[in-house]
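Please read these numbers as outputs of a predicted model, since none were measured by experiment. The chains referred to below are lettered A, B, ... by the order of the sequence lines, with proteins before strands, and numbering in each begins at 1.
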Amino acid sequence: MSVTARMILVAAVAVASAACKPDLGPTSALIARDRVLAVRAEPAEVAPGRAVSLSALAVGVDGTLADPPLGWSFCTAPKPLNENNTVANACLQSLDALSVISEMVPTVSTRIPDDACQRFGPDPPPQKQGDPPLRPRDPDVTGGFYQPVRVDGAGEPTFGLVRVTCNLKAVTTEVAVDFAARYAANTNPVLGALTARVGDQLVALDALPADQLVTLRIEWTPESVETFPVYDLAQQALVDQREAMRVSWFTTGGTLELDRSGRSGDERETFAENVWRTPPAGASHLWVVLRDSRGGVTWAAYDITTR
Amino acid sequence: MQRLALILSLLVLAPAVALAQPQEGEAAPAPTITKPPVLVKFVEAEYPPDKKAANVEATVTLSIDIGADGKVADVQVTGTAGPDFDAAAVAASKQFVFTPAELDGKPGPVRITYRYAFKIRTEIVKLGPQVNFEGTIRERFTKRLMRGVKVTIRDPGVEPREALTDETGRFEFIDLPLGRHVVELSAPTLVTVKTEETLVKDQKKTVKYFVEEKQEGIDEERVTRAPRIKKESVETTIRTEEARRVPGTQGDTLKVVQNLPGVARASAGSGALVVWGAAPRETKVNIDGVEIPNLYHVGGFRSTVNGELVKSIELVPGGYGADYGRGIGGLVKVETRGLPQKGVHGYAQVDVLDASAMITAALTPKLRIGVAGRYSYLDQVVKGITKSGNTDATEFIPIPRYYDYQAQISYTLRKDEELEAFLLASNDKLQRNVPSSDPSNVKTETTDQTFYRAFVRYSKLNPDGSSLVVTPSFGWDNNSQVQRFGLIPARLDSTAYRYGLRASYRRRVARFAVLSAGIALLGQWQDTSRFGSINRPPREGDIFVFGQPPGDDVNADKWSTHIVDVAPYAFVEFNLGKRFTITPGLRFDGFYLEGSRVLPQNADLPAIGFSRFAYAFNPRLQITWRAHKRVTLNAAVGLYHQAPDPEDLSAVFGNPTLGLSRALHTSLAMDVKITGTLSAQVVGFYKQLDDLIIRNVLPTPPIAQALTQDAVGRSYGAQVLLRQELWKGFFGWITYTFQRSERRNHPGEAWRLFDFDQTHSLTLVASYEYKGWIFGTRLRWSTGYPRTPVVDAYYDPRGDQYQPYFGKQNTIRIPDFVQLDLRVDKTITFRRGVTLNLYLDVQNVTARSNPEEIVYNYDFTKKGYITGLPILAVIGAKVQW
């Protein structure tokens, strides 16, 4: 299209571009206060009644918080259908919807409640005699169900979600048997190295130039990307699904081009990149949190000195 | 009859000066006039026009020399009456012819003195037959001259006399007796009108009549020259000529509905109709009695039916009569116009939104056809001119690709009996992709909506004034909405077959009563499949933040439904004297609901279906009191029921046991006819809604009860309308509505604002035509929609996003919306009736940044607004013949 024609069209039809959406300031990548960035369960997927260790990545402007005094609670209220969030509002506003695990500890070992699959999973909740049967919970796209865990003590409340192993419901015996044979519980991914480049030049993390554009690359192990069967509700059959990997980037200085990057399940690469305009000379902190689509998580923290 | 007459005065014959020469040396004896000259050819002088007009009389004295042959040799003025009288007298007298005078027995020249008198005298002359009553007839709204209208003089005890208007809309009667006469105007397309005229002696009566064309199902009502009696409690009818001139509608007739009183402003990118606090799905749209799913294409840019086929659009926000139902909100009635009776006509139009065309042809005096179509390309235009990779515009405001086409065949079976066939088709495709480096932030949306309607309409007007209209119809709807928010899918597909039959009969059963009865049947088979988030599509009453991903709980279902409604109805218009009309009516809606699943699918277990009947009696009552010749009061009350949508009968996402929702409408209106074309209306209304469908709020609801039916609602308010119909090139209206719409989700809960509540809504529309140019403006002000405030937030580390914690539902609002639109039209007329219309339609000429939605930063500590398009200019051209 010629410039003239384009100008004529612009005059004829003016369409908003960047003016539509307001600029609301810094994004989540900039750490300006104490926050919990991730909650990890080990193992990453647990059956009801089984033991699990919970830890959190709590950070602040001075870096990772060492031994933060965190409060840990299980949320016991299932989320109503008319709420759009990941956990029920009741778990945020009412102590009655919380079951305290421990307080003032950085990590905790506990057991997943026995009724997790009834409250948050496909098992029918207990009902009174004469009452109609109750609606089981819907799974997420990976076929999973989650036990919410509330973490307090570093900024605003945080709700981690621990994947719970529940039975497959409303399927034929063949499908159930096949699923049981093929499904492997989720494991937390494993991070590889973080590298930095200025232009085409690799630069050590302790020698990054100040106020420069640096391309960061984080890798993960190929084994971190797991393939697992999912009961496709539309097709009423088991289908294989490959985990998508998402990387969240956080820093206390400079500007990151992206808050998050990653790979969908169709992509074979095992790395993600971001561009960081480094802060002025001095110390800063960088965190990378890697999550898989079944709730597994891992992280790494980097103390950066720009020169 | 008066007549001017010229009277000659007596000529004075004086002895003439002999013209022969005397002998030399002798004095000749004077000749003797032995025979005077006799005027045998008189020529009337031309009366000077100004003197005649001023009734001035005069006498000119002339000296005329007459030759021996009797011809005039010379004329001199000897007694002047002014140059114009003199000249006229001289010119005429020079042409006189006399018999020759005789001097001493022989023809000879003479001179006479002649007095030519100019006098004016009224003379009654008995003439032959004269036109003493004549006039022209025009259509009331378009002022079009009406040909073929029968004018009948009906006098008691006398044979009726008839005349037909010609091509110029003119009629005349010759030598009508003096006195009072009843004059009746009638034609197949007209509402018969009667009036009285009085003829007096020696005067010709010249009149201008403005008549109203008939609407569907109305027989020849015997009304006075005042507009026909209103049937609905509150109705606003816009003629297409007016509708096309409203700015912001790009000449699309049906878009004018968005500017009518009682209609809340739709949010940007939406063509939804929110009428008197009713959700969009609760207001039904009918075209010639056949229901269509959408009045507008996705995005609200254009209507789904070509405006050139539309004769009128009627919006009834509430309290409509027994002949319509199945909806607890308002009613939009679109009436198509008849095809031209002669010739080939059409138009072609192009602007930045789309291109459209229509062609009609009268193949024979009885058979006429018409086809129309439209195709859009705005999405390509936007793609071409926005910056590469910049998706802000389409991310928030959907810009679809759409098309629609219509076909119509009309066949006149006999006089007042017609058969018409229609085909309507519409399609919308919308595709939006918002890429992201974060796989969970990739957004895609694909929407594909299609509907077809085919219907036949048989209409007959009987000699006794009764009418019958029968309309069988068939339809096919196909909808597909596929969305993906990162890994979270939301897909809804449905295919529906619709069949309907509408039959209405109307007749006068007594001098004071007109009965209308009929039956409206509508059936729908639908196959629906849905997969994905239960929160998509969102429902009225859901609390969420704009742009918030849906919940990641997913499920799937496939189900079939068959819903049939058989609705016999009847209403009677009782005209009690000249002032009161009471219209009681009753509609019975008998629903049959059938579905393939009453419980969610469980492995290989066979599905258990359901079927049940539901019925409702819907009484309606309207009272009209013509308190004064210019003031009419209307009151209406009625009960309305609506069946659940097939999409809500899913055992997984909905509730197969849902029943009928119900509404009680009440309204009171006063109409004031200020002048013949200026009117005002004040309306107060109250609506009570019960058994509304809402999402189940229980943490663990019973199985197959994701939706419940215990929500209630209420809407109340008042609206004012001042309207100037097309008059000397100007038309317009100003309307203000104050209303409040509330919902209560469950018994015991507090009332909250309805998601589409708009407390104030003001619309000003004006259009003026001057020397072929039409200038239009539209000003809108409306309260923003309610929203739920975010009072806190928590962090979801699995999704790496903050989740909002909400305050009380719908307790804050988007800021007010104010917008000024302008439109300029220029029509150039060529030979053979071809016209070229050029137009420029500019929305939001002040480029005001109107907020459309509230957005928050990542942790909900800061709030901002997404604004709509700053300015949208549409230029176009339309050729019509």
Side-chain angles (χ1 to χ4, degrees), chain A residues 1 6 9-10 12-22 24-25 27-28 35-39 77-82 84-86 88-89 92 125 132-135 137-141 156-161 170-172 233-234 244 246 248 258 260-264 289 291 293 295, chain B residues 352 381-382 384-387 390 392-393 396 437-441 487-489 531 534-535 542 544 548 550-556 601-604 695-703 706 793-800 803 805 855 857-858 862 864-867 869-873 875:
Chain A
M1 181 186 293
R6 183 181 286 263
L9 276 174
V10 168
V13 178
V15 178
S17 56
C20 270
K21 191 177 174 184
L24 294 171
T27 63
S28 62
R35 286 174 56 188
V36 171
L37 302 183
V39 174
K79 181 172 69 75
L81 297 176
N82 67 328
N84 205 31
N85 295 345
T86 46
N89 286 341
L92 190 64
L134 300 176
R135 190 179 193 280
R137 313 301 302 175
D138 296 330
D140 76 348
V141 289
E156 59 276 324
T158 297
F159 282 90
L161 297 170
V171 296
T172 62
L233 294 158
R246 298 172 62 215
S248 299
L258 304 169
R260 287 172 287 276
S261 54
R263 301 287 175 188
S264 68
V289 178
R291 308 169 216 270
S293 52
Chain B
V352 291
V381 172
V382 171
I385 67 173
T386 50
K387 286 181 274 186
N390 183 340
D392 273 1
F396 303 110
S437 56
D438 177 7
S440 66
N441 214 28
L487 301 177
I488 306 170
F531 173 63
I534 200 168
N535 300 112
D542 284 353
F544 61 94
Q548 183 181 6
D552 60 358
D553 307 356
V554 298
N555 213 319
Q601 184 164 359
N602 187 346
D604 283 347
R695 222 183 278 283
N696 200 318
V697 297
L698 293 176
T700 313
I703 201 166
Y794 63 87
Y795 182 60
D796 163 24
R798 186 175 77 111
D800 186 22
Q803 299 274 349
Y805 178 69
V855 288
N857 69 336
Y858 73 96
K862 286 184 189 168
Y865 300 102
I866 287 179
T867 55
L869 294 174
I871 190 166
L872 176 64
I875 55 172

Between B:Gln803 and A:Asn84, is any side-chain donor less than 3.5 angstrom from a side-chain acceptor?
->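 The criterion, which ignores hydrogens and geometry beyond distance, is not satisfied for A:Asn84 and B:Gln803.
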Quick one: are A:Val39 and B:Tyr795 in side-chain contact, heavy atoms under 4.5 Å?
->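 Not in contact.
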Are the side chains of A:Arg135 and B:Asn696 in touch, meaning some heavy atoms are under 4.5 Å apart?
->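 A side-chain contact under 4.5 Å is absent here.
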Relative to chain B, which segment of A:Val171 carries a heavy atom at a distance below 4.5 Å: side chain, backbone, both, or neither?
->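 Contact with chain B: backbone only.
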Chain B contact via A:Ala234 - side chain, backbone, both or neither, heavy atoms under 4.5 Å |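 Looking at A:Ala234, backbone and side chain both touch chain B.
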Between B:Leu487 and chain A, which part of the residue has a heavy atom less than 4.5 Å away: side chain, backbone, both or neither?
->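 Backbone plus side chain of B:Leu487, per the 4.5 Å heavy-atom cut-off to chain A.
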Heavy-atom distances under 4.5 Å only: say whether B:Tyr858 touches chain A with side chain, backbone, both or neither.
->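 Only the side chain of B:Tyr858 comes within 4.5 Å of chain A.
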Kindly determine whether A:Leu233 and B:Gln601 satisfy side-chain contact (heavy atoms from CB on, under 4.5 Å), including the steps that lead there.
-> CA-CA 10 Å; A:Leu233 294 158; B:Gln601 184 164 359; over 6 Å; no
Whether the side chain of [X] engages the backbone of [Y] through a donor-acceptor N/O pair (distance < 3.5 Å, no angle test) should be reported.
X	Y	value
A:Arg291	B:Pro797	yes
A:Arg260	B:Asp800	yes
A:Arg246	B:Gly799	yes

Interatomic spacing from [atom1] in [X] to [atom2] in [Y] - rounded to 0.5 Å:
X	Y	atom1	atom2	value
B:Asp552	A:Leu161	CG	CG	8.0 Å
B:Ile703	A:Leu134	CD1	CG	8.5 Å
B:Asn535	A:Leu81	CG	CG	8.0 Å

Pick from B:Asn857, B:Val554, B:Asn602: which one has the most heavy-atom pairs with chain A under 4.5 Å?
->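 That would be B:Val554.
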